[in-house]
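All values below were derived from every heavy atom in this structure, side-chain atoms included, with hydrogens, water molecules and symmetry-related copies excluded. All of these numbers come straight from a predicted model, not from anything done at the bench.
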Amino acid sequence: MGLWILESKSSENVPGTTRYFDDPERPQAATSSTTGLKCDTSGPVSIILVPQPSDDANDPLNWPLWRRDMILLILSMVSIFATCLGPILAANTLTLSLYFRVKFTKVAILTGWYLLGVGIGAIFFVPFARIWGKRHLFLFGTFLLVISSVWGGAVRHNYNSLAAARFFQGVGTAPFETLVNAAVGDMYFVHERGKRMALTNLAVFGGAFFTPILVGKITHVKSLGWPWTFYFVAIFTGACLPLVYFFVPETAFNRSAHLNTDIETHDTVNLNQKQINGGSYELDPRHNSSDLSSSLEHSTPDSEQIPGAVLARKSNVERTRLFSGRYSNENFFTLLLRPFPLFLHPAVLWACLIQGAMVGWTVFMGVILAAIFLGPPLFWNEEKTGYSYTGPFIGALLGFFIAGALADWSAKAMTRRNGGIYEPEFRIILVVPQLVIGCAGLYIFGVTAARLVDFWRYFPIVGFGLQVGGMVIGAVAASLYIVDAHREIAVEAFTTTIIFKNLFSFGLTFSAYDWLVEAGTFKVFMWIASIQVFICLLSIPMYILGKRNRDFFHKHDILKVCRLTK
C-alpha cells in the first residue's frame with residue numbers, strides 16, 4: 001500500500017498508475033519489459049512522457065509547447081466569454097424584474113434556462129466529438145454564442161424570447177464546458193496537465209465572476225442599458241471566431257493503443273517491443289514539429305515505424321478544415337447514451353459531487369445576492385451589487401493560483417515519496433484546500449448575510465469569494481483525477497458532471513427565493529455548508545479505494561455491461 005492507497009488484489013498493472021519520475025530506460029510498469037521510452041529532458045530530472053507520443057508529426061503530443069499553449073489560451077478566452085453569460089443577469093435582477101414586470105423568481109429562472117441549455121447541449125455534443133472530433137464543435141459554439149447574444153440584447157419587452165435566447169446561449173457554451181478539459185488530455189502529458197487544467201477551470205468556472213462587476217456599471221449608463229451586456233459578449237466572442245478558425249486545429253488523434261501508457265494494462269504492455277522502442281529518442285517539448293520529424297527520420301527505420309504513421313505535417317489548408325475524418329466507428333446513439341450509466345461509477349459520481357455541488361451553491365448564492373443587498377439594511381443599488389462580485393472574482397483567482405501551485409507540485413512530491421510510481425489518487429489531495437477554503441466561505445456567508453447589522457457588511461462578499469475559490473480548486477481536482485485515472489472515458493465523464501451540475505443548478509434557480517423566505521438565510525446556509533463538508537469527506541474513501549475502483553471498473557466495464565461499447 002503506497003501512501004495509504006490500497007493496492008489492487010490482482011497482479012496486473014492498473015490503468016492510470018504510471019512511472020514517470022524515473023529512469024526512462026527502466027520499465028514503465030512493473031510488468032512491462034519495454035525499454036527506451038521517450039522522455040522530457042528539458043528539466044533537471046528526466047520525465048518519462050505519459051502517454052507516449054506517436055511517430056506522427058500531427059500527433060498533438062508532438063506539437064511544440066508554445067503552440068499547444070496558444071491553442072489552450074484561445075479556448076480559455078472563448079470559455080470566459082461563454083461562461084460569463086451564466087451570472088450576467090445577477091446584478092440586473094431588479095432592473096429586469098421591473099422591465100419585464102415579473103417576479104424575482106422568473107428573473108432567476110432566466111439563468112436556469114441557460115444552465116439547461118448547457119446540460120442538454122453537452123449530451124448531444126459528446127457523440128459528435130467522439131466521432132468527428134472537437135474542432136467543429138468549438139467553431140459552432142462560438143458562432144452560436146455570437147448569434148444568441150445579439151438575440152438576447154434585441155428582445156425588447158418579450159420575456160419568452162429572452163428565455164429562448166438564454167437557452168441557446170447555454171447550448172453555445174456547452175462545447176467549452178464539455179470539451180476544453182478533455183482537450184488538455186489530448187494535448188498534454190500527465191506531468192504538464194496540472195497548471196493547464198487550473199487555467200481551463202479558472203476560465204470555465206471562475207472568469208465569469210468579473211462579469212457582474214461590469215454589468216452593474218453598463219446597466220446604469222443611460223446611453224447603453226442592460227441589452228448592451230449581451231451585445232458586448234457578441235462583439236468580443238465574434239472577435240474570437242477567426243482565432244478559433246485559424247489557430248485551433250483538431251486535437252483529437254487516433255494514437256496506437258500501446259502508446260497510451262497511462263491506461264495500459266497487462267495485455268497491452270507486452271506488445272512487440274519494436275512498437276515502442278524502435279525509435280527511441282529523448283523528446284524536449286520545446287522542439288518544433290519540423291525538428292521532431294527530422295529526429296524521427298534519422299532514428300526510426302521505416303520498417304519499424306508504427307503502421308499508418310505520417311511524418312509530414314498537415315498544410316494550413318488541411319488544418320483549417322471543419323472536419324478531418326472520423327475518430328470512431330461507433331454508433332452515434334450508442335455514444336449519446338454513454339454518459340448516463342456513469343452516474344453509477346464511483347469515481348465519476350465523486351467528481352460530480354465535488355465539482356457540481358459547489359457550482360450549484362455558487363449559482364444559488366448569485367441568484368439570491370440581489371435580494372440580500374438590495375433590501376434592508378444595506379439598500380444597495382445594482383451597481384454596488386455588481387461590485388460585490390469583486391469578492392468571487394478574487395476568490396476565483398485565489399483558487400487558480402492555489403490549484404496551479406499545488407496540482408503538479410503535490411503529484412510530483414508524492415510520486416517521489418512513492419518510489420517514482422504515480423497514482424492518479426494523488427490529485428484528490430487538492431480537495432483539502434477546497435474543504436478548508438470553500439466550506440469556510442459557505443459558513444461565513446451564511447452567518448454574516450443573515451445578520452448584516454451585526455457584522456461588517458463586506459463579510460458576506462469575503463465568504464462568497466472563499467466559496468468560489470474552493471469551487472475552482474475542487475473543479476481542478478475532479479478534472480485532473482478523471483483525466484489521469486479514467487482518460488478512456490474522460491469526455492463522457494465530463495459530460496456526466498456537466499449534466500449533474502447544470503440540472504442541479506437549474507433546480508436551485510426555481511427554489512432559491514422560496515427556500516430562503518421559508519427557512520431564512522442562516523438555516524439554509526448551515527445546511528448547505530454541512531452538506532459540502534460531507535461531500536468533501538467522501539474524498540477519503542475515494543483516495544484509499546481509488547486504485548481498486550480503477551481496477552474493478554477496468555475488468556467490469558460499466559459501458560460494456562450496458563452494451564454501449566465494443
Side-chain angles (χ1 to χ4, degrees), residues 15-16 51 118-138 141 171 173-187 193 197 200-201 204 250-255 257 260 262-263 265 326-356 359 424 427 475 477-504 542 546 549-566:
V118 176
I120 292 177
I123 294 171
F124 288 93
F125 290 154
V126 165
F128 278 106
R130 279 291 196 189
I131 296 173
W132 292 291
K134 304 177 181 68
R135 172 176 161 78
H136 70 285
L137 294 172
F138 289 136
V171 174
T173 300
F176 298 96
E177 282 209 16
T178 311
L179 301 174
V180 172
N181 282 337
V184 174
D186 291 341
M187 295 191 294
R193 290 175 187 163
M197 198 70 82
T200 57
N201 279 281
V204 172
E250 182 56 64
T251 62
F253 184 79
N254 287 326
R255 192 176 297 106
N260 292 319
D262 51 340
I263 56 176
T265 64
R326 290 181 67 99
Y327 294 89
S328 173
N329 291 320
E330 294 184 84
N331 182 272
F332 176 87
F333 294 101
T334 298
L335 293 173
L336 185 71
L337 297 173
R338 272 191 182 182
F340 298 100
L342 294 181
F343 281 110
L344 301 176
H345 194 301
V348 178
L349 180 60
W350 170 83
C352 287
L353 293 172
I354 287 294
Q355 183 182 109
V359 172
R427 301 294 194 182
S479 300
L480 282 171
Y481 184 67
I482 290 298
V483 169
D484 289 357
H486 302 281
R487 188 164 64 85
E488 71 281 7
I489 58 167
V491 174
E492 288 86 355
F494 286 137
T495 307
T496 306
T497 61
I498 288 172
I499 293 170
F500 174 85
K501 168 180 70 71
N502 286 281
L503 293 182
F504 178 61
M542 191 70 245
N549 180 69
R550 283 185 280 132
D551 186 42
F552 178 86
F553 279 95
H554 172 70
K555 295 175 180 175
H556 307 85
D557 189 336
I558 193 170
L559 297 180
K560 286 185 178 179
V561 171
C562 297
R563 298 183 179 179
L564 294 175
T565 190
K566 296 178 181 180

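Just one of Phe552, Phe340, Trp350, Phe553 meets the ring-ring contact (aromatic ring centres under 6.0 Å, His included) condition when paired with His345; it is Phe553. The salt bridge (charged side-chain N to carboxylate O under 4.0 Å, His left out) with Asp186 is formed by just one residue from the set Arg193, Lys134, Arg135, Arg255; it is Lys134.
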Start with the C-alpha gap between Asn502 and Val359, add the side-chain angles, then the distance that decides, and say whether side-chain contact (heavy atoms from CB on, under 4.5 Å) holds.
CA-CA 9 Å; Asn502 286 281; Val359 172; over 6 Å; no
Between His136 and Phe128, is the side-chain contact (heavy atoms from CB on, under 4.5 Å) condition met? List the steps.
CA-CA 9 Å; His136 70 285; Phe128 278 106; 4.0 Å; yes
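Residue Leu337 holds its CG atom at 10.0 Å from CD1 of Ile123, rounded to the nearest 0.5 Å. Rounding to the nearest 0.5 angstrom, the gap separating the CZ atom in Arg338 from the CG atom in Leu564 is 7.0 Å. To the nearest 0.5 angstrom, Thr497 atom OG1 is 11.0 Å from Leu353 atom CG. Here CG of Asp557 is found 7.5 Å from CD1 of Ile489. Values are rounded to the nearest 0.5 Å. A distance of 12.5 Å separates CZ in Phe494 from NZ in Lys501, rounded to the nearest 0.5 Å. Glu492 contributes atom CD, which lies 8.5 Å from atom OG1 of Thr565 (distance to the nearest 0.5 angstrom).
Counting all heavy atoms, side chain and backbone alike, Ala122 lies closest to Thr495 at O-CG2, 3.5 Å. Nearest heavy-atom pair across Gly119 and Ile498 is CA-CG2, 4.5 Å. His486 approaches Ala347 most closely through the heavy-atom pair NE2-CB, 3.6 Å. A pairwise comparison of heavy atoms in Ala490 and Arg130 identifies N-NH2, 4.4 Å as the closest pair. For the pair Pro127 and Leu335, the tightest heavy-atom approach, listed with the atom from each and the gap, is CB-CB, 3.6 Å. Nearest heavy-atom pair, Trp132 versus Tyr327, reported as atom, atom and distance to 0.1 Å: C-CD1, 3.8 Å.
Side-chain contact between Ile120 and Val171 is absent, with no heavy-atom pair separated by less than 4.5 Å. Proximity of Ile499 to Phe343: side-chain heavy atoms (C-beta onward) are separated by under 4.5 Å at one or more points. Proximity of Leu349 to Phe500: side-chain heavy atoms (C-beta onward) are nowhere separated by under 4.5 Å.
Using a distance-only test at 3.5 Å, with no hydrogens or angles considered, a donor-acceptor pair links the side chain of Thr496 to the main chain of Pro339.
The neighbour count for Phe332 CZ, taken as heavy atoms of other residues, nucleotides or ligands under 6.0 Å away, is above 12.
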